[in-house]
Amino acid sequence: MPKVVDHGAYRRELLGQCLKLFAAKGYGSLTMRQIAEHLGISTGTLYHYFPSKEALFEQLLDHVSGEHIEKAMPEILATADVRTRIVRLFHHITCHEEECQQEALIFLNHLFSSNREEVRKVYAKVNERYRQAAKAIVQLEDEDLANLLSCLIDGLVINRIYDNTIDYQRIGAILGEMLAVYLQHRREREERQQCTNYG
């Protein structure tokens with residue numbers, strides 16, 4: 001009886017093995033043959049799952065971002081308190097720092113070794129996924145706030161590559177306090193505005 005292969009699971013397994021390779025070698029210097037050798041499969045098998053290096057890279061970013069969100073969000077959203085949610089978010093980043101840094105490195109390397117506009121299109125989907133997660137965490141449909149949170153996290157992850165004295169937990173606690181104050185101030189301002197409108 002022929003072996004039944006779960007192609008989706010196998011594709012995810014291959015993508016999981018590619019993250020460190022892309023982070024270590026860089027997008028521009030890798031060929032599909034080298035990727036196949038690293039994975040221990042034939043080039044034909046690799047092309048069966050990924051028609052090009054660009055397609056592989058796009059699916060890799062999608063896979064990594066999806067894994068981060070899938071792992072982190074249930075615990076983060078288990079509380080309504082924004083301070084606790086931010087602390088839990090930064091705890092997740094601490095626990096998965098290497099993967100977060102590798103994701104940042106492969107994107108930056110791809111950005112500087114390819115057509116920047118094409119790379120931005122690839123990353124736009126991933127970035128939107130992170131923005132939606134940020135909105136869910138702060139319980140607010142606010143693009144600017146979601147972008148601020150996303151940019152802060154990206155900056156911290158990259159800075160930690162060369163300065164490991166940065167403490168995610170302390171920064172998470174500070175950010176949680178700041179967001180709680182900001183959101184409270186915003187609610188009060190909106191309530192005053194509503195009173196003015198109805199008065």
Is there a path of hydrophobic side-chain contacts, each under 4.5 Å between heavy atoms of I/L/V/M/F/W/Y residues, joining Leu77 to Leu179? yes
Nearest heavy atoms of Arg129 and Gly66, plus distance in Å: NH1-N, 3.1 Å
Has His92 got a side-chain atom pairing as donor or acceptor with Val87's backbone, closer than 3.5 angstrom? no
To the nearest 0.5 Å, what is the distance between CG (Asp154) and CD (Glu103)? 8.0 Å
Is it true that Glu190 and Arg186 make a salt bridge, defined as a side-chain N closer than 4.0 Å to a carboxylate O? yes
Given Leu149 and Leu175, is the side-chain contact (heavy atoms from CB on, under 4.5 Å) satisfied, shown in steps? CA-CA 9 Å; Leu149 184 55; Leu175 180 61; 3.5 Å; yes
Any donor-acceptor pair under 3.5 Å linking the side chain of Thr45 with the backbone of Ile41? no
Checking the side chain of Arg131 only, and the main-chain atoms of Val126 only, is there a donor and an acceptor separated by less than 3.5 Å? no
Please round to the nearest 0.5 Å and tell me the distance separating atom OH of Tyr162 and atom CD of Gln101. 11.0 Å
If you draw a 6.0 Å radius around NZ in Lys53, do more than 12 non-hydrogen atoms from other residues or ligands fall strictly inside? yes
For His91, does the NE2 atom sit with more than 12 other heavy atoms under 6.0 Å from it, leaving out its own atoms? no
Within a 6.0 Å radius of atom CD on Glu188, are there more than 12 heavy atoms belonging to other residues, nucleotides or ligands? yes
Working to the nearest 0.5 angstrom, can you tell me the gap between Met73 CE and Leu89 CG? 8.5 Å
Ion pair present between Asp62 and Lys125, side-chain N to carboxylate O less than 4.0 angstrom? yes
Taking only Lys NZ, Arg NE, NH1 and NH2, and the carboxylate oxygens of Asp or Glu, determine whether Glu67 and Arg12 approach each other closer than 4.0 Å. no
Co-membership, hydrophobic cluster, residues Phe112 and Leu61, 4.5 Å side-chain: yes
How about Asp81 and Thr79: does a side-chain donor come under 3.5 Å of a side-chain acceptor? no
Are Arg11 and Phe50 close enough that some pair of their side-chain heavy atoms sits under 4.5 Å apart? yes
Backbone N or O of Thr43 within a donor-acceptor pair of the Arg33 side chain at under 3.5 Å? no
Evaluate the side-chain contact (heavy atoms from CB on, under 4.5 Å) criterion for residues Ile76 and Ile86: first the C-alpha distance (whole Å), next the side-chain angles of each, then the deciding distance (0.1 Å), finally the verdict. CA-CA 8 Å; Ile76 292 170; Ile86 296 297; over 6 Å; no
Could you walk me through whether Glu143 and Lys135 pass side-chain contact (heavy atoms from CB on, under 4.5 Å), step by step? CA-CA 8 Å; Glu143 287 294 327; Lys135 289 178 188 177; 2.3 Å; yes
Would a distance-only check, ignoring hydrogens and angles, find a side-chain to backbone donor-acceptor pair under 3.5 Å from Asn109 to Leu105? no
Show, in sequence, the C-alpha distance, side-chain angles and deciding distance for Ile35 and Leu39, and conclude whether the side-chain contact (heavy atoms from CB on, under 4.5 Å) test is met. CA-CA 6 Å; Ile35 296 167; Leu39 296 172; 3.9 Å; yes
Rounded to the nearest 0.5 angstrom, the OH-OH distance for Tyr123 and Tyr130 is 6.0 Å
Once the angle between the rings of Phe22 and Phe57 is folded into 0 to 90°, is it parallel (under 30°), tilted (30 to 60°) or perpendicular (over 60°)? tilted
Minimum heavy-atom distance between Leu46 and Ala36, given as atom pair plus value: CD2-N, 3.7 Å
Do any N or O atoms from the side chain of Arg83 and from the backbone of Glu177 form a donor-acceptor pair under 3.5 angstrom? no
Leu15 versus Tyr49: any side-chain heavy-atom pair under 4.5 Å? no
Give, for atom CD of Glu99 and atom NZ of Lys71, the distance between the pair rounded to the nearest 0.5 Å. 6.0 Å
When you compare the side chains of Tyr168 and Glu97, does any donor N or O come within less than 3.5 Å of an acceptor on the partner? yes
Consider only side-chain heavy atoms of I, L, V, M, F, W and Y, link residues closer than 4.5 Å, and tell whether Leu56 and Tyr10 are in one cluster. yes
Do the side chain of Asn164 and the main chain of Arg160 share a donor and acceptor less than 3.5 angstrom apart? no
For Lys20 against Gln102, the heavy-atom pair lying closest together: CG-NE2, 3.1 Å
Closest heavy-atom contact between Leu19 and Ile106? CD1-CD1, 3.9 Å
Minimum heavy-atom distance between Cys100 and Ile93, given as atom pair plus value: SG-CG2, 4.4 Å
Counting only heavy atoms not in Arg187, do more than 12 fall under 6.0 Å of its CZ? yes
Hydrophobic cluster membership, with links at side-chain heavy-atom distances under 4.5 Å among I/L/V/M/F/W/Y: are Phe90 and Ile166 in one? yes
About how many Å separate CD of Gln132 and OG of Ser150, when rounded to the nearest 0.5 Å? 11.5 Å
Distance-minimising heavy-atom pair for Arg170 and Thr165: NH2-O, 4.5 Å
Tell me whether Leu152 shares a hydrophobic cluster with Ile158, the cluster being built from Ile, Leu, Val, Met, Phe, Trp, Tyr side chains joined at under 4.5 Å. yes
